[in-house]
Amino acid sequence: MAKNTTSTDVLLTSIIKGIEEVKGNDIEILDLRAIETAVCDYFVICNGSSNTQVNAIVNSVQKMVSKELKDKPWHTEGSDNAEWVLMDYVNIVVHVFQKEIREYYNIEGLWGDAKITTLENKY
């Protein structure tokens, strides 16, 4: 479970590094802090091109956060079919999609009031 002493910004940086490590695509950070009904501070959304890459992204994020912060997700679900994997770090929820599933569910559209930051791919 995410420790309260872990800074959300440090956790966010570690999650992004984990995604970039295995070339996760279309990374977006949704800042939900100004939304009264939000369940967490941030959503991090990205996609992979296959279920193999989705699982690789999830594993990379878990390893990076574990190595740098000695932390692990409070809950993870969706790894079985790897179309949409949700990783709950309490203050930050990571959504790793396959591209077509991401387009279908359109999380960014559902949380349209959030401040969205799009990160450029470094590869």
Quiz item: Given Leu86 and Phe43, is the side-chain contact (heavy atoms from CB on, under 4.5 Å) satisfied, shown in steps?
Solution: CA-CA 10 Å; Leu86 181 141; Phe43 280 167; over 6 Å; no

Quiz prompt | Evaluation steps, side-chain contact (heavy atoms from CB on, under 4.5 Å), between Val61 and Ile19 | solution = CA-CA 6 Å; Val61 169; Ile19 294 169; 3.7 Å; yes

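Atom CD1 of Ile92 sits about 4.0 Å away from atom CG of Leu11, to the nearest 0.5 Å. Interatomic distance, Ile45 CD1 to Ile107 CD1, rounded to the nearest 0.5 Å: 6.0 Å. To the nearest 0.5 Å, atom CG of residue Asp31 and atom CH2 of residue Trp111 are 12.0 Å apart. Note that the CG atom of Asp41 and the CZ atom of Arg33 stand 6.5 Å from one another [nearest 0.5 Å]. Between Asn59 atom CG and Glu21 atom CD the span is 12.5 Å, to the nearest 0.5 Å. The CD atom of Glu120 sits 11.0 Å away from the CD atom of Glu20 when rounded to the nearest 0.5 Å.
The two atoms that bring Ala114 and Leu30 nearest to each other are CB-CB, 4.1 Å, heavy atoms only. Here the closest non-hydrogen pair linking Leu32 and Ala38 is O-CB, 3.5 Å. Shown here for Val22 and Gln53, the closest heavy-atom pair between the two residues is O-NE2, 3.3 Å. Here the shortest heavy-atom pairing between Gly18 and Ser60 reads O-OG, 2.6 Å. Val93 approaches Cys40 most closely through the heavy-atom pair CG2-SG, 3.8 Å.
Each of Asp26, Asn25, Asn47 was compared with Arg102 under the side-chain hydrogen bond (donor to acceptor under 3.5 Å, both in side chains) criterion, and only Asn47 meets it. The side chain to side chain contact (heavy atoms under 4.5 Å, CB included) test with Ile27 is passed by exactly one of Ile16, Thr117, Ile15: Ile16.
Looking at Asn81 and Asn51, their side chains never come closer than 4.5 Å, going by heavy atoms from C-beta outward. Side-chain contact check for Cys46 versus Val96: some heavy-atom pair is nearer than 4.5 Å.
Cluster annotation: Ile35 is not connected to Leu12 through the hydrophobic network of ILVMFWY side chains, with a link wherever side-chain heavy atoms come within less than 4.5 Å. Two different hydrophobic clusters hold Tyr42 and Ile116 under the rule that ILVMFWY side chains link at heavy-atom gaps under 4.5 Å. In the hydrophobic clustering of ILVMFWY residues, with side-chain heavy atoms under 4.5 Å counting as a link, Tyr104 and Leu110 come out together.
The backbone N or O of Ala82 sits less than 3.5 Å from a side-chain atom of Gln98, completing a donor-acceptor pair.
Applying the ring-ring contact (aromatic ring centres under 6.0 Å, His included) rule to Trp84 yields the partners His95, Phe97, Tyr105; only residues at least two apart in sequence or on another chain are considered.
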Show me the side-chain donor-acceptor pairs of residues 62-69 shorter than 3.5 Å, one per line, residues at least two apart or across chains.
| from | atom 1 | to | atom 2 | distance (Å) |
| --- | --- | --- | --- | --- |
| Glu68 | OE1 | Ser14 | OG | 3.1 |
| Glu68 | OE2 | Lys17 | NZ | 2.6 |

